[in-house]
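Throughout, numbering of the chain's residues begins at 1 and tracks the sequence.
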Amino acid sequence: MLRVLRDSFKRLKIVIRIMKKIKSTPGESADFDDENNKENKLPPDESIDFPAVWISELYTPSSSRDLLKGISLLGWDNFINSSFSINEWMNDVRVGASSGKLYLGEIFSDDQSICKSALRKAPLPEGVVSIHPVLSSVTPSITSLTVMFRFNNEVSSSINKVLDKDYKAKIEGGSGFTWRGILFYIFLNRGCELSYSIVSPGSIRKAEVNYMLGKNKEVCSKWFVNNFSGVFSSFNEKKLPSVTMLITDLHSMRPDIVRDDKVLQAITPSNRNNLWIIDGWEESLLALPKKNIDSDIVFYAKRSDLLPNGNSINEVNGRDIADHKVNSYISAMITEWSVKYLLNRYYGLLATSRDNMSGYNKYRPVANLKKFRDFSKLWLHDIKVCALELSDKDTFKSAVVRDFPKTIHLGPWGKDSNIELNDVLAKFRYARANQVLKEADLLAYTSGVLNDVTQTLSSIRLQRFVAIITVLSTCIAVYSLFYK
């Protein structure tokens, strides 16, 4: 008993020593906090703005009605003149009689304090001044809707407040650093992870920036899903494919510059290997996600690239920054990226169905055939039609691809390569579309074979049952005949 108490007392002393160390850490890191905050503060002549975000959604044959319904409910159908109808344009696109892009113009928020004289208004998310919707026909069966959300000055300049704010280092305990885990460790000698980490002010600042950007994108995505639910919404996606635009006054976001600048590291993505240079905007960068499951893109623009005179954002709507040229490029780029994202999701969906069907011990004919029937009704037709159109090499010559400007990959050492983003996306789309098409055909063929085999087995069992009933009936009849 004394030995148990002695060991518990030793473990208690270890815990007390660690707790004292944690409490003394913030006081010891005061000088470190001051130095870190000083390094991560914006220079007086630098400003980082967040003027706009683009959200994109795709519409296949099963979801095209939702797009037309949303357009009709918001009153966007007859927006140009009385002789033009978006519904008619969509119908022409679906039958292959028309193609291209359709700019729906600028639509302002219905908030009277923003713009009283605007003719076209809609209920927009808080902090959004106006939107610019763009319809694009990728193929006759795939239509894209990309919406640029323009933020007001308060939202646009909110990152500067975070970067100028002083933070203090904080302590974060490990997963087992709880009172229950500590008590179990002291009295029962159970394993407990008594580790902790010090989060620097720079890391806190970067987390705050990411939270702020993510929160504004989430609000815009919710508005988009509520009004124009499409194929990504049917996947129960929390976030739709998006492009976030960040503008700097003086600094470029090239890796060799960011590496030596603590301020820019707070807004730099963790993935620095997938950076692209846009033709004509040599100091601006496009950061694409490296993983196929990610759909968030960041566009780092230097003000001198977009505005040669170096003006600042003075107007509420930010027309001097996110103009028609920027909107045209971003809408074309995110449409192409959304097609890639769609094919990856389709392939993952088919792979999941294939794995479920391959489970021999868990195979139940009736239940599995019902699941495949529901899957065919909801997904298989869309998958095969879209993959068939995207697997055609002539699809690369669509209007969306023609509007795609030259974008060069930035090498690992900050040097421009000869790899063009348009070629990369086109080759990937062609290869992945053929994979999806083959996988869908294989799944349909396998399900058909299983259905035929199941029917054959059922017929054999039924024949056996009928034969047994016939034999029993014959025996009963013979018995009745001879023993009556």
Side-chain angles (χ1 to χ4, degrees), residues 47-57 67 70-81 84 86 101-136 144-160 212-230 239-247 297-299 301 303 306-307 311-335 403:
S47 175
I48 298 178
D49 296 316
F50 172 45
V53 64
W54 285 260
I55 307 292
S56 181
E57 177 66 285
L67 174 60
I71 291 175
S72 177
L73 289 177
L74 292 179
W76 295 359
D77 188 20
N78 300 312
F79 75 101
I80 298 178
N81 52 55
F84 183 86
I86 297 180
K101 301 173 71 172
L102 190 63
Y103 294 89
L104 306 187
E106 189 171 17
I107 301 171
F108 291 88
S109 173
D110 57 359
D111 188 351
Q112 295 295 328
S113 62
I114 296 178
C115 185
K116 298 181 180 180
S117 59
L119 298 178
R120 303 177 62 211
K121 296 183 179 181
L124 302 181
E126 184 179 358
V128 176
V129 176
S130 64
I131 59 175
H132 277 254
V134 180
L135 281 170
S136 305
S144 167
L145 175 62
T146 302
V147 178
M148 178 179 67
F149 294 83
R150 295 176 185 256
F151 297 111
N152 57 27
N153 285 341
E154 182 180 357
V155 176
S156 179
S157 60
S158 57
I159 295 181
N160 296 314
M212 181 179 300
L213 297 177
K215 183 179 179 181
N216 286 288
K217 285 191 294 185
E218 183 180 0
V219 171
C220 296
S221 295
K222 286 183 178 179
W223 181 91
F224 202 114
V225 171
N226 292 334
N227 291 279
F228 303 101
S229 60
K239 295 187 297 182
L240 300 177
S242 64
V243 176
T244 301
M245 184 179 186
L246 297 177
I247 300 178
I297 302 171
V298 182
F299 176 42
R303 199 179 301 272
L306 306 183
L307 296 175
N311 290 335
S312 301
I313 297 180
N314 297 319
E315 299 182 15
V316 175
N317 300 326
R319 293 189 181 91
D320 55 341
I321 295 296
D323 57 4
H324 177 77
K325 181 180 179 181
V326 175
N327 187 29
S328 177
Y329 166 72
I330 296 297
S331 62
M333 187 277 302
I334 194 175
T335 297
D403 291 342

At their closest point, which heavy atom of Asp49 faces which heavy atom of Ser157, and how far apart are they? OD1-CA, 4.2 Å

Is there a side-chain contact between Ile159 and Leu213, using heavy atoms and a 4.5 Å cut-off? yes

How long is the span from the CG atom in Leu145 to the CZ atom in Phe224, to the nearest 0.5 Å? 4.0 Å

To the nearest 0.5 angstrom, please state how far the NE2 atom of His132 sits from the CD1 atom of Ile330. 14.0 Å

For the residue pair Lys101 and Ser328, establish whether any side-chain heavy-atom pair is separated by less than 4.5 Å. yes

Gap separating the CD1 atom of Ile55 from the CZ atom of Phe228, nearest 0.5 angstrom: 13.0 Å

Shortest non-hydrogen contact from Ile48 to Asn160? N-OD1, 2.9 Å

Taken to the nearest 0.5 Å, the spacing of Ser136 OG from Leu102 CG works out to 9.0 Å

Using side-chain contact (heavy atoms from CB on, under 4.5 Å) as the criterion, list what pairs up with Lys325, not counting sequence neighbours. Trp281, Asp323

Are any of the side-chain heavy atoms of Met148 and Met245 separated by less than 4.5 Å? no

Is Asn152 reaching over with its side chain to a backbone N or O of Glu154, donor-acceptor style, under 3.5 angstrom? yes

Looking at residues at least two apart in the chain, or sitting in another chain, which of them share a side-chain contact (heavy atoms from CB on, under 4.5 Å) with Asn216? Phe50, Phe151, Val155, Met212

State the SG-NZ distance between Cys220 and Lys217, to the nearest 0.5 angstrom. 10.0 Å

Could you pull out the closest heavy-atom pair between Ser144 and Thr335, with the gap in Å? OG-OG1, 3.2 Å

Partner of Ser56 by side chain to side chain contact (heavy atoms under 4.5 Å, CB included), out of Thr146, Ile297, Val243: Thr146

How long is the span from the CG atom in Leu67 to the CG atom in Asn227, to the nearest 0.5 Å? 11.5 Å

For this output row, return yes or no: ring centroids of Trp54 and Phe299 closer than 6.0 angstrom. no

